[in-house]
Each structure stands twice: as structure tokens, then as C-alpha cells.
Amino acid sequence: MDFKKLLRGWYSVNKRDLPWRDITNPYHIWVSEVILQQTRVAQGIGYYYRFLNEFPTITSLALAKEDKVLKVWQGLGYYTRARNLQKAAVWLMTNSNGELPKTYDSLLEIPGIGPYSAGAIASFAFGLAVPAIDGNVYRIVARIFGVFASTASATGKKEFNDIVYEVMDKDNPAQFNQALLDFGALQCTPRKPNCVTCPFNSVCYAYRNNTIESLPVKVMKGAVRSRFFVYLIVKYKDSILMSKRTAKDIWHSLYEFPLIEVDDQKSLESFQNSTLWRKIFGKSGVYINKVSPVITHKLSHQTLNIMFVTLTASRLSQWAFRTYSFVSTNNVGDFSVPVVIDNYLAAEPLGEYL
DNA sequence: AAACCGGGGCT
DNA sequence: AGCCCAGGTTT
């Protein structure tokens with residue numbers, strides 16, 4: 001089987017037209033690859049244009065405030081990606097002449113660039129003959145070549161890498177790697193792959209052995225943790241209280257409202273007995289305007305059950321003044337917030353009770 | 001090696 | 001209700 005020739009033939013007919021396709025600007029390719037980490041192409045396209053419009057060069061990204069980068073990233077998830085991009089841009093200015101380095105190994109040292117992205121940038125931008133192995137490639141190789149090794153193990157990774165390097169088109173690694181991505185996304189899909197029209201169906205191990213559904217071998221995922229949040233939308237004069245998340249937890253560096261986390265669903269109702277409530281309001285009274293129903297917000301590894309409590313306070317503790325930012329209701333939109341907060345604010349505008 | 005980190009679309 | 005997406009980093 002001439003793998004690269006069959007793939008090239010498929011690609012000549014089925015190639016996707018994407019904004020980051022057939023470009024060589026290393027910065028643009030870098031941004032696209034980071035955006036697309038664990039992110040669907042359809043979701044990433046808008047962010048790609050918006051990000052490069054806001055930060056057209058590595059220099060502009062290096063000079064940007066992290067909060068501004070996170071605001072542009074809002075809604076895309078995995079926010080460490082945005083912080084790493086900005087951090088890396090700053091690093092490149094002083095250590096690499098403001099440019100991405102041009103070898104696979106040096107790309108790997110940049111925060112936010114791992115084995116896949118280093119291979120993608122090295123091949124797409126610099127034409128280096130290195131594999132760029134993502135979920136698509138694992139799936140394609142596992143099925144066609146009958147590889148049952150786990151993609152999570154070190155030996156499995158090496159096995160896949162060796163096969164891809166062996167079959168890849170060293171004369172056009174950029175086209176070869178991009179063709180694999182399109183082939184995985186369009187033809188050899190996770191479920192219901194289009195084997196009938198596949199150019200590899202006569203040689204594909206999984207097709208011939210009826211193991212399409214069991215390849216690649218997937219690892220069992222652990223139980224999803226449930227958490228219970230009460231967000232206090234505290235109105236004080238013309239402001240509301242917000243703070244930046246700094247703990248080693250979800251949504252690091254994003255902004256939020258005063259948060260009471262409780263142990264279970266029924267404890268959501270007793271937010272007025274919490275320590276945080278007393279620390280903010282002391283013994284002074286507050287007027288509760290609205291208590292939202294419990295909103296379920298699913299992350300890949302946690303299920304959040306969130307209740308929003310909108311209230312008006314005439315007095316706050318000194319601790320509250322020290323701890324929170326007082327944000328004019330007109331400026332709340334300038335802060336990067338989790339999607340679940342953005343959605344709630346869109347549905348329940350802040351001006352209503354002011 | 002396994003856990004952690006978001007959000008959305010598809011089935 | 002799962003699965004998985006142009007994965008990387010931390011534990």
C-alpha cells in the first residue's frame with residue numbers, strides 16, 4: 001500500500017478550505033493550533049479571526065494585558081491556553097527575537113506547545129518532516145494499521161509516531177499532515193466512518209476485521225464531580241462586587257461574583273448562613289431581589305449546579321471593600337467571565353433592580 | 001499513568 | 001447521557 005499516495009489522492013478532492021490553510025505565517029499558524037486544541041474547527045474559526053484582529057503580531061500580543069487576552073478568549077474554554085500564548089509572546093520578545101523558533105525541539109519548550117502543536121507548526125510553517133499527531137491521526141492509524149496500543153501510554157505514543165513517520169510524505173510534510181487531519185475529520189470519523197467510499201477500505205485492518213467501533217482503544221474516564229455554587233450579585237450604590245479567581249481551580253484568572261460553594265444541592269438554599277455571607281454583610285440587612293433556579297453547567301470533568309442571588313446592600317463590611325472590586329454595572333462586560341455567568345447576565349440584565 | 005482543565009455539537 | 005473535539009500541564 002502506498003499510504004501517502006492514496007491520502008494525497010483523497011485530499012485533492014476533499015481538502016477543506018480553512019482560514020489557516022495554505023498560509024506560512026508562523027504566528028498565525030501558532031494561534032490557530034492553540035485555538036484548535038480540543039476544540040472543533042467550527043467553534044474555533046470565529047475566535048481565530050477575532051484573536052488576530054485584536055493581536056495582529058507577536059509584539060502586540062506581548063504588549064497586551066492578560067485580562068484583555070482572556071476577554072477575547074472568553075467562551076472558548078481551557079483558559080490556560082490564552083495565558084500561555086501571552087506569556088510565550090513576552091518570552092519570545094526577549095529570548096527569540098520576537099519570533100517562533102524554527103525547530104521541533106525548541107518549539108516544544110514554549111508554554112502551551114506540546115508534541116502535536118510543535119509538529120503542526122514545524123511542518124506547516126517551516127516545512128519540517130515531523131509528524132503532527134492528534135486525535136484524528138491516532139484514530140486513522142489505529143484503524144488502518146490495526147494498532148491496539150493505548151494512545152495514553154508512552155510506548156503507545158511511540159508506536160503511533162513511528163508508523164506516521166514511516167508512511168509520511170517527507171517531500172511535503174505540511175500537505176501530508178493537513179491531509180491526515182481532514183481525512184480524520186471528514187472520512188474516518190469517530191462514529192459511523194464513511195468506509196464505503198474510503199480509499200483505504202481494501203487494506204484497512206479495522207474495516208476488514210470489523211473492529212471499526214473498537215478502534216482506537218479508549219480509556220475509561222472517571223466519574224464527574226458535582227459542585228454546588230451560589231453566586232451573589234451584590235448591588236451596592238451603582239456597582240456590583242466582582243473578584244478574580246486565583247486558586248488552582250477551574251476558570252483561573254477569570255472574574256466572577258462573590259461565590260459561596262456548598263457541599264450539596266439542598267445547602268444551596270441556606271446561603272445566608274454561610275461564612276462568606278457574614279463576612280460581606282456582617283449583621284446588616286440586605287434586600288434580596290431575586291433567587292434564580294438552579295442552573296446546571298457541565299464541564300468535561302465537573303457538573304456545576306449554580307444558583308444566582310441578586311441582592312441590594314446598603315452597608316458592607318470593611319473586609320468586603322478590601323476584597324472585592326466594585327464594578328460599575330456598565331463595565332461588567334469588560335471583564336472575562338465564565339460562560340455560565342455571561343449567559344446569566346444576558347438573560348437577566350443588571351439594570352433591572354437599580 | 002492519571003488527573004485536571006471548558007464549552008459545544010452530535011448522536 | 002455519552003462521546004469527543006487540530007491537547008497540554010501538573011500531580
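Chain identifiers are assigned alphabetically (A, B, ...) following the order of the sequence lines, protein sequences preceding nucleic acid strands; residue numbering begins at 1 within each chain. The figures that follow rest on heavy atoms only: side chains count, while hydrogens, waters and symmetry mates do not. As the structure is a computational prediction, the values presented were derived from the model and not from experiment.
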field: Ser153(A), nearest nucleotide to its side chain (from dA1(B), dC5(B), dA6(C))
entry: dA1(B)
message: Taking the minimum atom-to-atom distance to the side chain of Val339(A), which one of dG8(B), dT11(B), dG6(B) wins?
response: dG8(B)
query: Considering only dC4(C), dG2(C), dG6(B), which nucleotide approaches the side chain of Arg191(A) most closely?
result: dG2(C)
- line: Ile250(A) CD1 to dG7(B) C1', in whole Å, measures 12 Å
- request: Identify whether the distance between the nearest side-chain nitrogen and carboxylate oxygen of Asp67(A) and Lys65(A) falls below 4.0 Å.
  value: no
message: Checking contacts here: which listed nucleotide (dG7(B), dG8(C), dT10(C)) is nearest the side-chain heavy atoms of Gln43(A)?
response: dG7(B)
query: Just how far, in rounded Å, is P of dC5(C) from CZ of Phe183(A)?
result: 15 Å
- request: Consider the side chain of Tyr78(A), meaning its heavy atoms from C-beta on, and name the nucleotide among dG8(B), dG8(C), dG6(B) that approaches it most closely.
  value: dG6(B)
message: Using a heavy-atom cut-off of 4.0 Å across all strands, would you classify Thr80(A) as base, sugar-phosphate, or nothing?
response: nothing
query: Do the ring centers of Tyr255(A) and Tyr324(A) come within less than 6.0 Å of each other?
result: no
statement: Winner on side-chain proximity to Gln302(A), out of dG7(B), dA6(C), dC5(B), is dC5(B)
task: Choose from dG7(B), dA6(C), dG8(C) the nucleotide whose nearest atom is closest to any side-chain atom of Tyr79(A).
output: dG7(B)
message: Regarding dA3(B), can its base be found pairing with the side chain of Arg225(A) as donor and acceptor, where the two atoms are less than 3.5 Å apart?
response: no
message: Any carboxylate oxygen within less than 4.0 angstrom of a Lys/Arg side-chain nitrogen, looking at Arg139(A) and Asp134(A)?
response: no
query: CD of Glu33(A) versus C1' of dG7(C): gap in Å, rounded?
result: 11 Å
message: Please tell me whether Tyr79(A) and Trp251(A) form a close aromatic pair, meaning their ring centres lie under 6.0 Å apart.
response: no
- request: Could you check which of dG8(B), dC5(B), dG7(C) has an atom nearest any side-chain atom of Asp134(A)?
  value: dG7(C)
- line: DNA chain C nearest-nucleotide lookup for Leu18(A) and Asn84(A): closer to the 5′ end is Leu18(A)
